[in-house]
Amino acid sequence: MLEQLRDELRRLWQEPRDPRLPQLGFSLLFLLDMGLRVVGGVDLRTGPLVGLMLTPAVWLLTLVVPWRRLPDWCPMVLIAVDLGLIGLSRLDPVGGAALLVVVPALWLGLVYGVRGALVTGVCTVALVVVPGLLYIGATGINLSRSVLATVLAVVVSLAIADVVQRVRGGQETIELQRRVGEAVLDTVDVGLVLLDGQGRYVTMNRRHHDFIRLAFPTGHGGVAGQLGEVYHEDGETLVQREEMPTFRASQGEEFDDQLIWVGADPLTRRALSVSSRVVRDDRGTFAGAALAYKDVTDFMRALEVKEDFVASVSHELRTPLTSIHGFTSLVLDREDLPDEVVHQLEVVQRNVHRLDRLVADLLQTAQGERGVVHLERRRCDLAALVRQSVEAARPAIENAGLDLSSCLPDQLMHLVDPQRFSQVVDNLLSNAVKYTPSGGRVEVDLLLADDRVELVVRDTGIGIGARDRDHVFSRFFRTRTAAQRSIQGIGLGLSITKAIVDSHGGGIEVESEEGRGSTFRVRLPLDAPAVRGTDQVDHQPSISV
Ligand code: ADP
């Protein structure tokens with residue numbers, strides 16, 4: 001019962017056009033005024049007495065009138081009646097409750113704006129001021145009360161009308177901004193989601209609705225971390241709850257480019273690259289997160305096609321290369337060849353060897369799972385491996401007119417895949433030679449630091465600009481300077497080098513300045529590294545110098 005009353009009051013409060021609640025307020029104030037007069041010993045005349053009796057009757061009448069079904073202007077009649085009641089109260093030599101005009105004035109301003117203020121003024125003069133003046137006469141006090149009551153009623157009415165107009169204007173602006181925001185979000189081709197502090201979906205744009213339909217064909221509950229047809233980069237492993245981008249974001253994690261596939265059907269599924277940013281309130285507390293889902297399906301499919309193509313082409317190239325290599329070796333074994341022919345065949349063999357390395361690189365890049373190299377590690381002398389690579393590169397370095405210096409320990413034992421480690425040194429050395437103009441210098445250092453082995457290959461060559469430095473380890477990336485100078489290369493050596501170093505649990509970095517040279521630094525940890533891929537270990541990992 002109490003609750004019903006509260007609900008009804010709340011509804012009346014939220015519906016300013018319904019006059020029942022303001023009428024109740026007016027009636028109570030009117031009765032209070034009359035009551036206080038009687039208590040104060042005033043002998044009520046006919047006018048106020050009639051007003052006193054009519055007031056509760058009018059309020060009861062407001063309860064039965066179906067206001068919602070009546071035209072908008074109807075409540076104004078009630079207000080005229082109220083002002084008439086005030087007019088009746090003033091049919092007394094001592095005057096009446098002229099100040100009560102403020103109540104209907106407030107309501108008229110609130111509901112009808114400036115129009116309401118006009119009605120207030122006219123009705124106050126006609127129903128309150130004129131009867132009072134006629135009955136009491138134009139005495140000083142009566143005149144002053146009449147004028148003050150009219151001015152007060154109109155001013156109050158206008159003031160509330162102005163406030164209402166401003167508030168409505170503000171609400172309209174906010175609503176308009178919200179719609180503009182929604183329209184902008186819907187025009188972008190990126191799925192956008194906003195989560196609140198509890199991980200609930202606050203809003204999402206149209207594009208993201210498409211992704212949600214693909215990922216959650218049976219429906220989505222609107223909370224972060226739900227499981228659906230969402231797969232890892234390999235397109236096969238389902239993403240677990242704690243790996244879901246929305247779950248990570250709801251835990252306050254910020255990340256870029258998490259790659260997922262959504263949808264089970266290989267024909268319609270999409271690849272999405274997801275980024276997340278945290279939203280914080282004024283006090284820096286986590287208040288939610290914004291996620292962007294970029295559709296990279298075309299790029300991923302193009303990559304697959306390219307990798308398949310590269311793999312099959314390089315595989316096909318290997319067979320004829322092996323044959324050329326075999327037959328030139330056979331011919332070279334003959335004793336009766338003139339020196340000139342031997343020299344020419346050696347050139348053929350060197351180039352076949354180069355081509356073979358290139359094809360091997362391509363094959364490895366295309367076949368290998370991204371960044372993973374299969375290792376066969378054993379304990380070996382890194383100093384000896386580096387020394388071999390340096391000696392093998394010496395003729396090329398001298399031909400290029402470069403100075404070579406190296407600083408190596410006598411022996412440095414460590415657990416590595418010797419072939420792969422030599423590949424790292426060869427790649428870095430051959431780059432240093434390729435990208436350093438004649439007259440420059442190349443240095444190779446191998447050293448043992450506190451917790452790691454460090455290989456440093458330094459040159460005084462063309463260097464790498466700041467913009468390119470982050471990309472040189474990406475597949476098929478070449479700096480513009482290298483391409484402009486027509487220096488041969490396909491942009492695979494460093495990505496393979498990095499994959500080998502990563503697989504040994506180490507890291508590679510580059511410091512460089514355009515026109516001044518580059519320093520590549522490879523770090524291999526001394527403790528047993530976290531290894532991915534096949535790892536055949538002959539000995540326990542141990543270090544000796
Ligand atoms: P490639 O040398 O076959 O182009 P890499 O992957 O070895 O491929 O190198 C990628 C790019 O990095 C090169 O094309 C070149 O622009 C730049 N780069 C690598 N090493 C050096 C270096 N020592 N000096 C200047 N630029 C280099």
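All values below were derived from every heavy atom in this structure, side-chain atoms included, with hydrogens, water molecules and symmetry-related copies excluded. All figures in this text were calculated on a predicted structure; none of them were measured in a lab.
- Salt bridge absent: Glu304 and Arg301 never bring a charged side-chain N and a carboxylate O closer than 4.0 Å.
- By the 30° and 60° cut-offs, the orientation of the rings of Tyr112 relative to Trp107 is perpendicular.
- For Arg115, the CZ atom counts as loosely surrounded, since its 6.0 Å shell holds 12 or fewer non-hydrogen atoms of other residues, nucleotides or ligands.
- In plain terms, the two heavy atoms of Ile464 and Phe520 that are nearest each other are CD1-CZ, 4.0 Å.
- Atom CG of Asp234 has more than 12 neighbouring heavy atoms from other residues, nucleotides or ligands inside a 6.0 Å radius.
- Ala224 and Leu195 get closest at one heavy-atom pair: CB-CD1, 4.1 Å.
- What you find for Arg20 and Trp59 is that their closest heavy atoms are O-NE1, 3.3 Å.
- Residues Leu192 and Arg207 form no side-chain contact, since every pair of their non-hydrogen atoms from C-beta on lies 4.5 Å or further apart.
- Side-chain polar atoms of Arg270 and Thr297 form a donor-acceptor pair below 3.5 angstrom.
- Below 30°, between 30° and 60°, or above 60°: for His220 and Phe216 the angle between ring planes is above 60°, a perpendicular geometry.
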Report task. Might you work through the salt bridge (charged side-chain N to carboxylate O under 4.0 Å, His left out) test for Arg206 and Asp210, ending with a clear yes or no? Result -> CA-CA 7 Å; Arg206 202 174 296 160; Asp210 300 340; over 6 Å; no
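- Between Arg168 and Glu172 there is no salt bridge, since no side-chain N of the basic residue sits under 4.0 Å from a carboxylate O of the acidic one.
- For Arg478, the CZ atom sits in a packed shell: over 12 heavy atoms of surrounding residues, nucleotides or ligands are nearer than 6.0 Å.
- Of all the heavy atoms in Ala292 and Val190, the pair that sits closest is CB-CG1, 3.9 Å.
- Judged by distance alone, with hydrogens and angles left aside, the side-chain atoms of Arg485 form no donor-acceptor pair with the main-chain N or O of Ile462 at under 3.5 Å.
- The main-chain N or O of Gly116 is found under 3.5 Å from a side-chain atom of Thr120 such that the two form a donor-acceptor pair.
- For Arg516, the CZ atom is loosely surrounded, since the number of other residues' heavy atoms within 6.0 Å does not exceed 12.
- Closest heavy-atom contact between Leu83 and Thr124: CD1-N, 4.1 Å.
- Residue Leu133 qualifies as enclosed at atom CG: its count of foreign heavy atoms under 6.0 Å is above 12.
- To the nearest 0.5 Å, atom CD of residue Gln23 and atom CG of residue Leu60 are 10.5 Å apart.
- The CD1 atom of Ile79 lies 12.5 Å from the SG atom of Cys74; values are rounded to the nearest 0.5 Å.
- In this structure, the separation between CG on Leu238 and CD on Glu229 is 7.0 Å, given to the nearest 0.5 Å.
- Annotation: Gln165, atom CD; neighbour count of heavy atoms from other residues, nucleotides and ligands within 6.0 Å does not exceed 12.
- Heavy-atom contacts from other residues, nucleotides or ligands closer than 6.0 Å to CZ of Phe309 number 12 or fewer.
- Considering CG of Asp450 and CZ of Arg452, their distance stands at 7.0 Å, rounded to 0.5 Å.
- Here the straight-line distance linking atom CZ of Phe30 with atom CG of Asp82 works out to 9.5 Å at 0.5 Å rounding.
- Phe211 CZ to Ile260 CD1: the interatomic distance, rounded to the nearest 0.5 Å, is 9.5 Å.
- Checking side-chain atoms of Trp261 against main-chain N and O of Leu272 turns up no donor-acceptor pair under 3.5 Å.
- Annotation for Tyr293 and Val193: closest pair CE1-CG2, 4.0 Å, computed over non-hydrogen atoms.
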